[in-house]
2 protein chains.
Amino acid sequence: MSTTNSLTVEELGSAAQRDRRKRILDATIALATQGGFDAVQMRAVAEQADVALGTLYRYFPSKIHLLVSALGREFERAETTLRDKPIPGDTASDRVIYVLRKTTRGLQGDPHLTEALTRAFMFADASVQSEIHTVGMLLTRMLTRAMHPEQEHTEVTEDDVAIARVIGDVWLSALVGWVTGRTSATETAAHMEKAVHLLLRD
Amino acid sequence: MSTTNSLTVEELGSAAQRDRRKRILDATIALATQGGFDAVQMRAVAEQADVALGTLYRYFPSKIHLLVSALGREFERAETTLRDKPIPGDTASDRVIYVLRKTTRGLQGDPHLTEALTRAFMFADASVQSEIHTVGMLLTRMLTRAMHPEQEHTEVTEDDVAIARVIGDVWLSALVGWVTGRTSATETAAHMEKAVHLLLRD
DNA sequence: CGCGAAACTGGAACGTGTTCCTATTATGGA
DNA sequence: TCCATAATAGGAACACGTTCCAGTTTCGCG
């Protein structure tokens, strides 16, 4: 059980290894924040993380795995932050839009980082499936929670999940458009909100 | 008026140049059909098109421009094919799904080609804006036409356009999922149809 | 503690996108 | 027809992701 996957935290025995992994992801985020996708160069990551290039590749088998893993960690952080606070808004769409705005604004505050992570996500192939699945689940959970603020797991219908997925798709497309400079932040936000209203209509 | 953009057909004076451009795009499609994104190697394209590498770069400033331009040409072909025939289906969603199915099936018949073109589309940045805009317009037009079969330009409301864009987003995400091996063709189709029903609800 | 295995280092090497340069060829106007 | 200019050919060179290898260090187990 190894080969093409990134080493997860769990399967890293020693504290030194967990620390290496953390240093690598920190370096990735730092470089991505500075200069985006292109600035995340494997040699640079290795150097900044104080790790040999070969070791970097032992932990993350490709630049894409590396970036998607970093994205996952950032997402978890965001979801944790959001988890406890109640979500304001009287209607489902208000709450969903609140979550989207908040998340999007967070991302747009770090344009380079967002560009790097979005690019990686879009370029990932099947070998990054598990990392991507993690991100997808987090997003879906965030959105369905916004639709049904009180009851955690009850009341979430198949339609709700489908709607969350569609919103996730739109969000991704909008993000890609924004990241690649095809749409402005304002347009991005407007388009997303329009989509939410079309889907939840209230 | 030149620099970072691909040379379009219009701004190519001589027939020899138009022919070169065509040979290049043909070679691109051929290689992409065979082996996907990775098989579209600039040296290989140049050789197969019987053109020097420098010339290839004069016509298309990057691999991404090249592939997105090829995508545009294929899309135009598809849209032309669809334009004349009436779209079957009693409801808007039936017709939209028909169009999506038809287009998607066409793409899935050429997995490698689709992979190459989708990857390029996702990776494109602002410098490919015009090429991408072309594709977006074609898709939106195809979808709004499916929603309103008779009247061409009348009756298309802002909501219709917004819905078409959302469907386009979902379509793109689904395509990316399929192309990258994250979802099967069946799942892809099911998800798209679910989205259409959620949006058009009939 | 001592040993074998696994992990890590440092760096060379390869493939492919991209750039650049020089020599040659096509083009269009006087 | 002839010339200036642009376009093309051919290929070297560079950058960065990725692979690979030889030597060294760390780790876990008896």
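In this text, all values refer to a predicted model and were calculated from it rather than measured experimentally. So that the names make sense, note that chain A is the first sequence line, chain B the second, and so on, each numbered from 1.
- Here the C1' atom of nucleotide D/dC14 and the CD atom of A/Gln41 are 13 Å apart, to the nearest Å.
- B/Arg20 is listed as a side-chain neighbour of B/Gln17, based on a closest heavy-atom distance under 4.5 Å.
- With a heavy-atom cut-off of 4.0 Å to chain B, the contacted part of DNA chain C has its first and last nucleotide at C/dT16 to C/dT19.
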Is there a salt bridge (charged side-chain N to carboxylate O under 4.0 Å, His left out) between B/Arg73 and B/Asp26? Walk through the geometry before answering.
CA-CA 10 Å; B/Arg73 205 181 61 168; B/Asp26 288 345; 2.8 Å; yes

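- Within the 4.5 Å cutoff, the side chain of A/Ile163 has heavy atoms near those of the A/Met147 side chain.
- Aromatic ring centroids of A/Phe37 and A/Phe123 lie 6.0 Å or more apart.
- For the pair A/Arg83 and A/Arg145, the minimum side-chain heavy-atom distance is below 4.5 Å.
- Atom CZ of A/Arg58 is separated from atom P of D/dT18 by 17 Å (rounded to the nearest Å).
- Atom CE in A/Met42 sits roughly 8 Å away from atom C1' in D/dT18 (whole-Å rounding).
- When the options A/Gln108, A/Arg101, A/Lys102 are evaluated for a side chain to side chain contact (heavy atoms under 4.5 Å, CB included) with A/Thr104, the one that passes is A/Gln108.
- We find that CD1 of A/Ile64 is positioned 13 Å from C1' of D/dC16, with the value rounded to whole Å.
- Toward the 5' end of DNA chain C, the nearer of the two residues A/Leu56 and B/Tyr57, judged by each one's closest nucleotide, is A/Leu56.
- Considering only side-chain atoms of A/Arg43, the nucleotide from D/dC16, D/dA7, D/dC27 that sits closest is D/dC16.
- Two residues are said to be in side-chain contact when any heavy atoms from C-beta on lie closer than 4.5 Å; A/Thr28 and A/Met42 fail this criterion.
- Rounded to whole Å, the distance from CZ on A/Phe37 to C1' on D/dC16 is 11 Å.
- Ranked by how close their nearest DNA chain D nucleotide is to the 5' end, A/Lys63 and B/Thr55 are led by B/Thr55.
- The distance between atom OH of B/Tyr59 and atom C1' of D/dA6, rounded to the nearest whole Å, is 11 Å.
- B/Glu79 is listed as a side-chain neighbour of B/Leu138, based on a closest heavy-atom distance under 4.5 Å.
- Within the 4.5 Å cutoff, the side chain of B/Thr183 has no heavy atoms near those of the B/His191 side chain.
- Atom CZ in A/Arg119 sits roughly 14 Å away from atom P in D/dG17 (whole-Å rounding).
- Residues B/Ala16 and B/Gly54 each lie close to DNA chain C; by heavy-atom proximity, the contact nearer the 5' end of the strand is made by B/Gly54.
- Residue contacts for A/Arg20: at a heavy-atom cut-off of 4.0 Å it reaches the sugar-phosphate backbone alone, with no base atom in range.
- A heavy-atom distance below 4.0 Å to DNA chain D is reached by these residues of residues 45-53 of chain A, ordered by number: A/Leu53.
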